[in-house]
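Letters A, B, ... are given to chains in the order of the sequence lines, protein chains preceding strands, and every chain is numbered from 1. Given the structure is predicted, the values throughout are model-derived calculations rather than measurements.
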2 protein chains.
Amino acid sequence: MNQKTQTRDPELTRARILDTAEALFVEQGFSAVKLSELARAAEVTKSLIHHHFGSKEQLWEAVKDRAFERYFAAQMAMLEEAGEPDAALLRRSVEAYFHFLRDNPGVVRLFAWTHLEGDSHCSELDGQLVGAGAEWVRQTQLRGLLRADINPTHVIAVFVMTCTQWFEAKGHHQHWPGMGSDEAFLEDFLKIFMEGVTPRE
Amino acid sequence: MNQKTQTRDPELTRARILDTAEALFVEQGFSAVKLSELARAAEVTKSLIHHHFGSKEQLWEAVKDRAFERYFAAQMAMLEEAGEPDAALLRRSVEAYFHFLRDNPGVVRLFAWTHLEGDSHCSELDGQLVGAGAEWVRQTQLRGLLRADINPTHVIAVFVMTCTQWFEAKGHHQHWPGMGSDEAFLEDFLKIFMEGVTPRE
DNA sequence: GCGCTAACTGGCCGGCCGGTCAATTAGCTG
DNA sequence: CAGCTAATTGACCGGCCGGCCAGTTAGCGC
(Lines give C-alpha, C1' and ligand atoms only; values in the text may rest on other atoms or scores of the structure.)
Protein backbone atom coordinates (compact mmCIF):
# COMPACT_ATOMS: atom_id res chain seq x y z
CA MET A 1 0.00 0.00 0.00
CA ASN A 2 0.95 3.62 0.07
CA GLN A 3 4.65 2.84 0.02
CA LYS A 4 5.30 6.05 -1.84
CA THR A 5 2.93 7.72 0.60
CA GLN A 6 1.32 10.86 -0.62
CA THR A 7 3.80 13.56 -1.42
CA ARG A 8 1.01 15.81 -0.16
CA ASP A 9 -0.98 15.33 2.99
CA PRO A 10 -2.37 18.62 4.28
CA GLU A 11 -3.68 17.21 7.55
CA LEU A 12 -0.38 15.61 8.36
CA THR A 13 1.42 18.81 7.43
CA ARG A 14 -0.86 20.87 9.66
CA ALA A 15 -0.30 18.40 12.47
CA ARG A 16 3.46 18.47 12.00
CA ILE A 17 3.48 22.26 12.10
CA LEU A 18 1.25 22.31 15.17
CA ASP A 19 3.33 19.72 17.00
CA THR A 20 6.61 21.43 16.25
CA ALA A 21 5.18 24.84 17.07
CA GLU A 22 3.86 23.57 20.38
CA ALA A 23 7.25 22.17 21.28
CA LEU A 24 8.99 25.45 20.45
CA PHE A 25 6.41 27.68 22.11
CA VAL A 26 6.47 25.52 25.21
CA GLU A 27 10.21 25.84 25.37
CA GLN A 28 10.74 29.48 24.47
CA GLY A 29 7.44 31.32 24.69
CA PHE A 30 5.67 33.14 21.88
CA SER A 31 7.93 36.03 21.02
CA ALA A 32 11.21 34.16 21.21
CA VAL A 33 10.17 31.67 18.54
CA LYS A 34 11.18 32.53 14.97
CA LEU A 35 9.10 31.28 12.09
CA SER A 36 12.23 30.43 10.14
CA GLU A 37 13.37 28.21 13.00
CA LEU A 38 9.97 26.58 13.22
CA ALA A 39 9.91 25.98 9.47
CA ARG A 40 13.30 24.29 9.58
CA ALA A 41 12.34 22.15 12.60
CA ALA A 42 9.05 21.08 11.05
CA GLU A 43 10.69 20.48 7.65
CA VAL A 44 8.28 22.82 5.97
CA THR A 45 8.52 26.10 4.10
CA LYS A 46 7.75 29.27 5.98
CA SER A 47 5.12 30.07 3.40
CA LEU A 48 3.37 26.83 4.17
CA ILE A 49 2.94 27.89 7.77
CA HIS A 50 1.26 31.05 6.59
CA HIS A 51 -0.82 29.10 4.14
CA HIS A 52 -2.22 26.86 6.86
CA PHE A 53 -2.41 29.24 9.81
CA GLY A 54 -2.35 32.78 8.47
CA SER A 55 0.03 34.39 10.88
CA LYS A 56 2.34 33.64 13.79
CA GLU A 57 -0.28 34.97 16.19
CA GLN A 58 -3.01 32.75 14.77
CA LEU A 59 -0.70 29.75 14.94
CA TRP A 60 -0.07 30.53 18.60
CA GLU A 61 -3.82 30.62 19.21
CA ALA A 62 -4.26 27.32 17.41
CA VAL A 63 -1.55 25.72 19.52
CA LYS A 64 -3.09 27.01 22.73
CA ASP A 65 -6.59 25.99 21.71
CA ARG A 66 -5.55 22.45 20.91
CA ALA A 67 -3.53 22.04 24.09
CA PHE A 68 -6.23 23.48 26.26
CA GLU A 69 -8.86 21.28 24.65
CA ARG A 70 -6.80 18.22 25.49
CA TYR A 71 -6.38 19.46 29.05
CA PHE A 72 -10.06 20.22 29.45
CA ALA A 73 -11.12 16.84 28.06
CA ALA A 74 -8.73 14.98 30.35
CA GLN A 75 -9.92 16.87 33.42
CA MET A 76 -13.57 16.38 32.52
CA ALA A 77 -12.97 12.67 32.15
CA MET A 78 -11.37 12.59 35.58
CA LEU A 79 -14.30 14.45 37.11
CA GLU A 80 -16.85 12.16 35.54
CA GLU A 81 -15.29 8.94 36.66
CA ALA A 82 -15.27 10.24 40.23
CA GLY A 83 -17.39 8.14 42.53
CA GLU A 84 -18.80 8.51 46.01
CA PRO A 85 -17.82 11.88 47.48
CA ASP A 86 -15.61 11.39 50.51
CA ALA A 87 -12.19 12.41 51.75
CA ALA A 88 -10.47 9.47 50.08
CA LEU A 89 -11.73 10.63 46.72
CA LEU A 90 -10.32 14.08 47.30
CA ARG A 91 -6.95 12.50 47.94
CA ARG A 92 -7.18 10.46 44.77
CA SER A 93 -8.16 13.60 42.83
CA VAL A 94 -5.10 15.44 44.04
CA GLU A 95 -2.92 12.50 43.11
CA ALA A 96 -4.53 12.26 39.69
CA TYR A 97 -4.07 15.96 39.02
CA PHE A 98 -0.46 15.88 40.20
CA HIS A 99 0.35 12.91 37.99
CA PHE A 100 -1.44 14.44 35.03
CA LEU A 101 0.80 17.49 35.27
CA ARG A 102 3.86 15.33 35.75
CA ASP A 103 3.01 13.42 32.58
CA ASN A 104 2.17 16.57 30.60
CA PRO A 105 4.96 19.00 31.34
CA GLY A 106 4.26 20.89 28.13
CA VAL A 107 0.81 21.87 29.28
CA VAL A 108 2.17 23.33 32.47
CA ARG A 109 4.65 25.55 30.66
CA LEU A 110 2.13 26.54 28.02
CA PHE A 111 -0.24 27.69 30.74
CA ALA A 112 2.54 29.55 32.47
CA TRP A 113 3.38 31.52 29.31
CA THR A 114 -0.30 32.14 28.77
CA HIS A 115 -0.78 33.45 32.30
CA LEU A 116 2.17 35.79 32.00
CA GLU A 117 0.81 37.13 28.74
CA GLY A 118 -2.40 37.93 30.56
CA ASP A 119 -4.44 35.78 28.21
CA SER A 120 -7.66 35.06 30.08
CA HIS A 121 -9.19 33.18 27.16
CA CYS A 122 -8.93 29.78 28.83
CA SER A 123 -10.15 30.98 32.20
CA GLU A 124 -13.80 30.49 31.36
CA LEU A 125 -13.54 26.82 30.48
CA ASP A 126 -11.23 26.30 33.41
CA GLY A 127 -13.76 28.04 35.59
CA GLN A 128 -16.24 25.29 34.75
CA LEU A 129 -13.84 22.64 35.97
CA VAL A 130 -13.14 24.50 39.18
CA GLY A 131 -16.82 25.19 39.65
CA ALA A 132 -17.64 21.51 39.34
CA GLY A 133 -14.84 20.59 41.72
CA ALA A 134 -15.93 23.20 44.25
CA GLU A 135 -19.51 21.99 44.10
CA TRP A 136 -18.28 18.49 44.79
CA VAL A 137 -16.32 19.78 47.81
CA ARG A 138 -19.41 21.60 49.05
CA GLN A 139 -21.46 18.40 48.90
CA THR A 140 -18.80 16.56 50.84
CA GLN A 141 -18.68 19.34 53.41
CA LEU A 142 -22.46 19.08 53.86
CA ARG A 143 -22.09 15.39 54.63
CA GLY A 144 -19.63 16.30 57.34
CA LEU A 145 -16.74 14.56 55.59
CA LEU A 146 -14.73 17.77 55.05
CA ARG A 147 -14.28 20.88 57.17
CA ALA A 148 -17.16 23.23 56.47
CA ASP A 149 -15.47 26.47 57.50
CA ILE A 150 -13.46 26.79 54.27
CA ASN A 151 -14.56 28.23 50.92
CA PRO A 152 -14.88 25.15 48.64
CA THR A 153 -13.27 26.97 45.73
CA HIS A 154 -10.25 27.71 47.90
CA VAL A 155 -9.88 24.01 48.68
CA ILE A 156 -9.61 23.30 44.97
CA ALA A 157 -7.39 26.32 44.41
CA VAL A 158 -4.89 25.32 47.08
CA PHE A 159 -4.14 21.93 45.64
CA VAL A 160 -4.31 23.01 42.01
CA MET A 161 -1.91 25.86 42.65
CA THR A 162 0.51 23.77 44.65
CA CYS A 163 0.64 21.06 41.98
CA THR A 164 0.98 23.64 39.22
CA GLN A 165 3.76 25.55 40.89
CA TRP A 166 5.62 22.37 41.73
CA PHE A 167 6.03 21.55 38.06
CA GLU A 168 6.11 25.08 36.72
CA ALA A 169 9.09 26.15 38.80
CA LYS A 170 10.65 22.73 39.06
CA GLY A 171 13.92 23.84 37.51
CA HIS A 172 14.12 26.44 40.20
CA HIS A 173 13.43 24.62 43.43
CA GLN A 174 14.77 21.22 42.54
CA HIS A 175 18.14 22.56 43.65
CA TRP A 176 16.90 23.59 47.07
CA PRO A 177 18.63 21.67 49.84
CA GLY A 178 16.56 18.82 51.22
CA MET A 179 13.98 18.85 48.45
CA GLY A 180 12.62 15.39 47.71
CA SER A 181 11.34 13.65 44.61
CA ASP A 182 7.98 14.22 42.97
CA GLU A 183 6.41 11.40 44.93
CA ALA A 184 8.00 12.37 48.24
CA PHE A 185 6.75 15.92 47.87
CA LEU A 186 3.27 14.80 46.88
CA GLU A 187 3.10 12.55 49.90
CA ASP A 188 4.13 15.32 52.28
CA PHE A 189 1.77 17.78 50.66
CA LEU A 190 -1.07 15.29 51.02
CA LYS A 191 -0.22 14.81 54.70
CA ILE A 192 -0.62 18.53 55.28
CA PHE A 193 -3.54 19.03 52.92
CA MET A 194 -5.67 16.08 53.96
CA GLU A 195 -5.10 16.75 57.62
CA GLY A 196 -6.01 20.37 57.02
CA VAL A 197 -9.32 19.72 55.28
CA THR A 198 -10.50 16.85 57.48
CA PRO A 199 -12.99 17.85 60.19
CA ARG A 200 -11.98 17.76 63.85
CA GLU A 201 -13.43 14.66 65.43
CA MET B 1 20.75 75.00 44.89
CA ASN B 2 21.11 72.86 41.80
CA GLN B 3 18.13 74.47 40.11
CA LYS B 4 19.68 73.72 36.74
CA THR B 5 20.55 70.25 38.03
CA GLN B 6 23.32 68.44 36.23
CA THR B 7 22.67 67.93 32.57
CA ARG B 8 24.61 64.72 33.15
CA ASP B 9 24.14 62.28 35.97
CA PRO B 10 25.30 58.80 35.01
CA GLU B 11 24.01 57.11 38.15
CA LEU B 12 20.58 58.58 37.73
CA THR B 13 20.62 57.64 34.05
CA ARG B 14 21.60 54.09 34.86
CA ALA B 15 18.87 53.96 37.47
CA ARG B 16 16.29 55.33 35.07
CA ILE B 17 17.23 52.75 32.45
CA LEU B 18 17.16 49.95 35.01
CA ASP B 19 13.81 51.03 36.41
CA THR B 20 12.20 51.35 33.01
CA ALA B 21 13.74 48.11 31.81
CA GLU B 22 12.48 46.29 34.87
CA ALA B 23 8.97 47.57 34.29
CA LEU B 24 9.02 46.48 30.64
CA PHE B 25 10.64 43.10 31.26
CA VAL B 26 8.19 42.41 34.09
CA GLU B 27 5.32 43.17 31.78
CA GLN B 28 6.46 41.52 28.54
CA GLY B 29 9.36 39.21 29.26
CA PHE B 30 12.84 39.43 27.80
CA SER B 31 12.41 38.76 24.12
CA ALA B 32 9.25 40.81 23.61
CA VAL B 33 10.93 44.01 24.81
CA LYS B 34 12.47 46.19 22.09
CA LEU B 35 15.41 48.41 22.92
CA SER B 36 13.90 51.22 20.88
CA GLU B 37 10.76 51.07 22.99
CA LEU B 38 12.80 51.00 26.19
CA ALA B 39 14.87 53.96 25.03
CA ARG B 40 11.76 55.99 24.33
CA ALA B 41 10.15 55.07 27.65
CA ALA B 42 13.29 55.88 29.63
CA GLU B 43 13.86 59.09 27.65
CA VAL B 44 17.32 58.00 26.68
CA THR B 45 19.12 57.18 23.45
CA LYS B 46 19.47 53.58 22.46
CA SER B 47 23.20 54.07 22.31
CA LEU B 48 23.19 55.15 25.92
CA ILE B 49 21.71 51.84 26.95
CA HIS B 50 24.54 50.07 25.18
CA HIS B 51 27.03 52.45 26.72
CA HIS B 52 25.91 51.63 30.26
CA PHE B 53 24.99 47.97 29.95
CA GLY B 54 26.70 46.57 26.89
CA SER B 55 23.88 44.53 25.42
CA LYS B 56 20.24 43.73 25.88
CA GLU B 57 21.18 40.42 27.48
CA GLN B 58 23.50 42.07 30.00
CA LEU B 59 20.82 44.61 30.84
CA TRP B 60 18.42 41.77 31.52
CA GLU B 61 20.97 40.22 33.85
CA ALA B 62 21.45 43.52 35.63
CA VAL B 63 17.72 43.92 36.10
CA LYS B 64 17.38 40.41 37.48
CA ASP B 65 20.38 40.78 39.75
CA ARG B 66 19.08 43.97 41.28
CA ALA B 67 15.56 42.65 41.78
CA PHE B 68 16.77 39.42 43.27
CA GLU B 69 19.11 41.24 45.61
CA ARG B 70 16.22 43.29 46.91
CA TYR B 71 14.16 40.13 47.35
CA PHE B 72 16.95 38.31 49.11
CA ALA B 73 17.64 41.21 51.47
CA ALA B 74 13.97 41.53 52.37
CA GLN B 75 13.62 37.82 53.07
CA MET B 76 16.80 37.74 55.12
CA ALA B 77 15.53 40.64 57.20
CA MET B 78 12.30 38.75 57.80
CA LEU B 79 14.18 35.63 58.85
CA GLU B 80 16.39 37.53 61.24
CA GLU B 81 13.65 39.33 63.05
CA ALA B 82 11.94 36.00 63.67
CA GLY B 83 11.69 35.19 67.34
CA GLU B 84 10.87 32.13 69.37
CA PRO B 85 10.20 29.16 67.13
CA ASP B 86 6.63 27.99 67.51
CA ALA B 87 3.57 27.42 65.38
CA ALA B 88 2.38 31.01 65.72
CA LEU B 89 5.62 32.23 64.19
CA LEU B 90 5.16 29.92 61.23
CA ARG B 91 1.75 31.47 60.68
CA ARG B 92 3.20 34.95 60.84
CA SER B 93 5.93 33.96 58.39
CA VAL B 94 3.40 32.74 55.87
CA GLU B 95 1.44 35.95 56.27
CA ALA B 96 4.57 38.04 55.89
CA TYR B 97 5.63 36.18 52.75
CA PHE B 98 2.17 36.43 51.25
CA HIS B 99 2.00 40.15 51.90
CA PHE B 100 5.49 40.69 50.58
CA LEU B 101 4.49 39.13 47.28
CA ARG B 102 1.25 41.10 47.24
CA ASP B 103 3.21 44.33 47.68
CA ASN B 104 5.87 43.38 45.11
CA PRO B 105 3.99 42.05 42.13
CA GLY B 106 6.89 42.82 39.84
CA VAL B 107 9.16 40.39 41.64
CA VAL B 108 6.67 37.59 41.20
CA ARG B 109 6.45 38.09 37.46
CA LEU B 110 10.19 38.54 37.09
CA PHE B 111 10.75 35.24 38.84
CA ALA B 112 8.14 33.59 36.69
CA TRP B 113 9.86 34.70 33.47
CA THR B 114 13.17 33.63 34.93
CA HIS B 115 11.87 30.17 35.82
CA LEU B 116 10.44 29.65 32.36
CA GLU B 117 13.74 30.65 30.81
CA GLY B 118 15.36 27.95 32.88
CA ASP B 119 17.69 30.42 34.55
CA SER B 120 18.87 28.69 37.69
CA HIS B 121 21.21 31.50 38.61
CA CYS B 122 19.12 32.71 41.52
CA SER B 123 18.43 29.24 42.86
CA GLU B 124 21.60 29.13 44.92
CA LEU B 125 20.90 32.24 46.97
CA ASP B 126 17.28 31.21 47.26
CA GLY B 127 18.46 27.83 48.44
CA GLN B 128 20.08 29.55 51.43
CA LEU B 129 16.79 31.13 52.40
CA VAL B 130 14.92 27.88 52.08
CA GLY B 131 17.68 26.06 53.92
CA ALA B 132 17.45 28.49 56.82
CA GLY B 133 13.68 28.22 56.88
CA ALA B 134 13.79 24.46 56.75
CA GLU B 135 16.29 24.34 59.60
CA TRP B 136 13.96 26.53 61.63
CA VAL B 137 11.08 24.13 60.90
CA ARG B 138 13.24 21.21 61.96
CA GLN B 139 14.01 22.86 65.29
CA THR B 140 10.34 23.48 65.88
CA GLN B 141 9.56 19.87 65.00
CA LEU B 142 12.13 18.70 67.54
CA ARG B 143 10.37 20.70 70.23
CA GLY B 144 7.16 18.90 69.36
CA LEU B 145 5.48 22.06 68.14
CA LEU B 146 5.14 20.88 64.53
CA ARG B 147 4.44 17.47 63.03
CA ALA B 148 7.71 15.61 62.76
CA ASP B 149 6.73 13.22 59.96
CA ILE B 150 7.14 15.78 57.19
CA ASN B 151 10.30 16.85 55.38
CA PRO B 152 10.99 20.39 56.71
CA THR B 153 11.94 21.65 53.26
CA HIS B 154 8.57 20.51 51.96
CA VAL B 155 6.80 22.51 54.65
CA ILE B 156 8.53 25.64 53.39
CA ALA B 157 7.98 24.67 49.78
CA VAL B 158 4.24 24.15 50.19
CA PHE B 159 3.55 27.60 51.51
CA VAL B 160 6.06 29.38 49.29
CA MET B 161 4.65 27.71 46.19
CA THR B 162 1.05 28.39 47.11
CA CYS B 163 1.74 32.07 47.78
CA THR B 164 3.79 32.37 44.60
CA GLN B 165 1.23 30.74 42.39
CA TRP B 166 -1.58 32.77 43.89
CA PHE B 167 -0.01 35.98 42.64
CA GLU B 168 1.69 34.58 39.56
CA ALA B 169 -1.50 33.28 38.00
CA LYS B 170 -3.81 35.79 39.59
CA GLY B 171 -5.10 37.05 36.26
CA HIS B 172 -6.11 33.50 35.49
CA HIS B 173 -7.94 32.25 38.57
CA GLN B 174 -9.41 35.50 39.77
CA HIS B 175 -12.26 34.79 37.37
CA TRP B 176 -12.97 31.38 38.85
CA PRO B 177 -16.42 31.23 40.40
CA GLY B 178 -16.43 31.56 44.18
CA MET B 179 -12.85 32.75 44.44
CA GLY B 180 -12.35 35.18 47.31
CA SER B 181 -10.07 38.14 47.92
CA ASP B 182 -6.37 37.96 48.74
CA GLU B 183 -7.09 38.03 52.46
CA ALA B 184 -9.94 35.53 52.29
CA PHE B 185 -7.78 33.08 50.38
CA LEU B 186 -4.85 33.55 52.73
CA GLU B 187 -7.08 32.89 55.70
CA ASP B 188 -8.46 29.68 54.20
CA PHE B 189 -5.03 28.53 53.15
CA LEU B 190 -3.75 29.11 56.67
CA LYS B 191 -6.66 27.13 58.10
CA ILE B 192 -5.64 24.16 55.99
CA PHE B 193 -1.90 24.63 56.28
CA MET B 194 -1.69 25.29 60.03
CA GLU B 195 -4.03 22.44 60.82
CA GLY B 196 -1.98 20.22 58.56
CA VAL B 197 1.37 20.93 60.17
CA THR B 198 0.21 20.96 63.79
CA PRO B 199 0.87 17.73 65.68
CA ARG B 200 -2.03 15.45 66.70
CA GLU B 201 -2.66 15.88 70.38
C1' DG C 1 41.61 77.88 31.67
C1' DC C 2 43.29 73.23 29.89
C1' DG C 3 42.84 68.74 28.95
C1' DC C 4 41.22 64.31 29.86
C1' DT C 5 37.64 61.08 30.62
C1' DA C 6 33.33 59.43 30.04
C1' DA C 7 28.51 60.51 29.35
C1' DC C 8 25.82 61.22 25.60
C1' DT C 9 24.08 61.83 20.54
C1' DG C 10 22.66 60.78 15.74
C1' DG C 11 23.30 58.34 11.97
C1' DC C 12 24.02 54.22 10.17
C1' DC C 13 24.37 49.07 9.19
C1' DG C 14 23.89 44.12 8.38
C1' DG C 15 20.77 40.86 9.22
C1' DC C 16 16.78 38.73 9.75
C1' DC C 17 12.01 39.06 11.12
C1' DG C 18 7.10 38.12 9.71
C1' DG C 19 4.74 38.22 5.71
C1' DT C 20 3.46 38.27 0.42
C1' DC C 21 3.11 36.62 -4.20
C1' DA C 22 3.40 34.44 -8.56
C1' DA C 23 4.35 30.07 -10.28
C1' DT C 24 4.32 24.99 -9.90
C1' DT C 25 2.27 20.66 -9.09
C1' DA C 26 -0.20 16.81 -6.68
C1' DG C 27 -4.51 14.87 -6.22
C1' DC C 28 -9.29 14.64 -6.70
C1' DT C 29 -13.80 14.96 -9.76
C1' DG C 30 -16.14 13.87 -13.60
C1' DC D 1 -7.57 12.63 -19.69
C1' DA D 2 -9.08 17.45 -18.78
C1' DG D 3 -9.77 20.79 -15.43
C1' DC D 4 -10.02 22.56 -11.00
C1' DT D 5 -8.61 23.22 -6.31
C1' DA D 6 -5.44 23.64 -2.96
C1' DA D 7 -0.91 22.24 -1.15
C1' DT D 8 3.59 23.67 -1.76
C1' DT D 9 7.63 26.27 -3.31
C1' DG D 10 11.19 29.89 -3.60
C1' DA D 11 12.16 34.42 -4.52
C1' DC D 12 11.37 38.54 -2.61
C1' DC D 13 10.03 42.70 0.46
C1' DG D 14 9.68 46.50 3.83
C1' DG D 15 10.68 47.26 8.28
C1' DC D 16 12.90 47.22 12.26
C1' DC D 17 15.89 44.79 15.40
C1' DG D 18 20.21 44.94 18.25
C1' DG D 19 24.37 46.92 17.87
C1' DC D 20 28.29 50.10 16.33
C1' DC D 21 30.93 54.19 15.61
C1' DA D 22 32.55 58.81 14.88
C1' DG D 23 31.80 62.91 16.87
C1' DT D 24 30.21 66.29 20.56
C1' DT D 25 30.07 67.99 25.12
C1' DA D 26 29.69 68.17 30.25
C1' DG D 27 32.18 67.72 34.35
C1' DC D 28 36.20 67.30 36.96
C1' DG D 29 41.24 67.42 38.43
C1' DC D 30 45.02 70.22 37.90
Side-chain angles (χ1 to χ4, degrees), chain A residues 1-66 113-114 117 119, chain B residues 1-66 113-114 117 119:
Chain A
M1 51 223 75
N2 59 355
Q3 19 68 275
K4 209 259 156 85
T5 325
Q6 300 94 326
T7 50
R8 292 187 180 188
D9 185 338
E11 301 222 1
L12 193 143
T13 304
R14 269 187 73 94
R16 207 167 62 233
I17 295 176
L18 269 177
D19 289 341
T20 315
E22 181 169 327
L24 290 179
F25 283 141
V26 157
E27 198 187 333
Q28 315 175 10
F30 174 72
S31 46
V33 170
K34 296 135 207 261
L35 284 191
S36 55
E37 182 193 6
L38 166 58
R40 207 178 324 116
E43 293 180 303
V44 156
T45 7
K46 222 172 35 162
S47 322
L48 206 43
I49 300 173
H50 284 100
H51 174 68
H52 283 294
F53 296 96
S55 72
K56 189 186 173 189
E57 208 101 22
Q58 285 171 278
L59 172 61
W60 174 225
E61 293 300 324
V63 165
K64 285 192 291 187
D65 283 353
R66 196 185 60 155
W113 291 116
T114 305
E117 276 181 359
D119 178 345
Chain B
M1 52 221 79
N2 59 356
Q3 18 67 276
K4 211 259 158 88
T5 323
Q6 300 94 326
T7 50
R8 292 186 181 188
D9 185 339
E11 302 220 0
L12 193 143
T13 304
R14 269 186 73 95
R16 207 167 61 233
I17 295 175
L18 270 177
D19 289 341
T20 313
E22 180 169 327
L24 290 178
F25 283 141
V26 157
E27 198 186 335
Q28 316 175 8
F30 175 73
S31 46
V33 170
K34 296 136 206 264
L35 284 191
S36 54
E37 182 193 6
L38 166 58
R40 208 178 323 114
E43 294 180 303
V44 158
T45 6
K46 224 175 29 165
S47 320
L48 206 43
I49 299 173
H50 283 100
H51 174 68
H52 283 294
F53 296 96
S55 71
K56 188 186 175 188
E57 207 102 22
Q58 286 171 278
L59 173 60
W60 175 224
E61 293 300 324
V63 166
K64 285 192 290 186
D65 283 353
R66 196 184 60 154
W113 292 116
T114 306
E117 276 180 1
D119 179 345

>> My understanding is that only residues two or more places apart in sequence, or in another chain, count here; which of them pass side chain to side chain donor-acceptor pair (under 3.5 Å) with A:S31?
In response: B:S31

> To the nearest Å, how far apart are A:F53 CZ and C:dG19 P?
Replying inline: 14 Å

> Rounded to the nearest Å, what distance is computed from the CG atom of residue B:L12 to the P atom of nucleotide C:dC8?
Replying inline: 9 Å

> A:S55: what forms a side chain to side chain donor-acceptor pair (under 3.5 Å) with it, not counting sequence neighbours?
Replying inline: A:Q58

> Taking only residues two or more places apart in sequence or in another chain, which ones pass side chain to side chain donor-acceptor pair (under 3.5 Å) with A:E37?
Replying inline: A:Q28

>> For B:E117, give me all partners under salt bridge (charged side-chain N to carboxylate O under 4.0 Å, His left out), at least two apart in sequence or on another chain.
In response: B:K64

>> For B:E61 and B:V63: C-alpha separation, side-chain torsions, deciding distance, then whether side chain to side chain contact (heavy atoms under 4.5 Å, CB included) applies.
In response: CA-CA 5 Å; B:E61 293 300 324; B:V63 166; over 6 Å; no

> Roughly, in whole Å, what's the span from CG in B:L48 to C1' in C:dC8?
Replying inline: 5 Å

Contacts table for residues 42-49 of chain B: side-chain donor-acceptor under 3.5 angstrom, sequence neighbours left out:
none

Tabulated below should be each protein N or O lying under 3.5 Å from an N or O of nucleotides 21-23 of chain D; please produce it.
none

Interface polar pairs with nucleotides 2-6 of chain C, N/O, under 3.5 angstrom:
none

> Does any residue of residues 23-43 of chain B have a heavy atom under 4.0 Å from DNA chain C, and if so, which ones, in number order?
Replying inline: none

> Roughly how many Å is it from CH2 in B:W60 to C1' in D:dG18, rounded to a whole number?
Replying inline: 17 Å

>> How many whole angstroms separate atom CG of A:D9 from atom P of D:dT5?
In response: 21 Å

> ring-ring contact (aromatic ring centres under 6.0 Å, His included) with B:F30: which residues, sequence neighbours excluded?
Replying inline: B:F25, B:W60

> Taking NE2 from A:H52 and C1' from D:dT9, how many angstroms apart are they, rounded to a whole number?
Replying inline: 12 Å

>> I'd like to know whether B:L18 forms a side chain to side chain contact (heavy atoms under 4.5 Å, CB included) with B:L59, so could you lay out the CA-CA distance, the side-chain angles of the two residues, the decisive distance to 0.1 Å, and finally the verdict.
In response: CA-CA 8 Å; B:L18 270 177; B:L59 173 60; 4.3 Å; yes

> Does the C:dG19 base have a donor-acceptor partner in the side chain of A:K56 within less than 3.5 Å?
Replying inline: no

> Is the shortest side-chain N/O distance from A:S55 to OP1 or OP2 of C:dG18 below 4.0 Å?
Replying inline: no

> Do side-chain atoms of A:K56 reach the backbone of A:V33 as a donor and acceptor pair under 3.5 angstrom?
Replying inline: yes

> Taking only N and O in the side chain of A:T7, is any of them less than 4.0 Å away from OP1 or OP2 of C:dG27?
Replying inline: yes

>> Could you work out, with side chain to side chain donor-acceptor pair (under 3.5 Å) as the rule, every residue matching B:R66, not counting sequence neighbours?
In response: B:D19, B:E22

> For the pair made of CD in B:E57 and P in D:dG19, what is the distance, rounded to whole Å?
Replying inline: 8 Å

> Going by heavy atoms in the side chains, are A:F53 and A:R14 under 4.5 Å from each other?
Replying inline: yes

> Within less than 4.0 Å of OP1 or OP2 of D:dT8, is there a side-chain N or O belonging to A:H50?
Replying inline: no

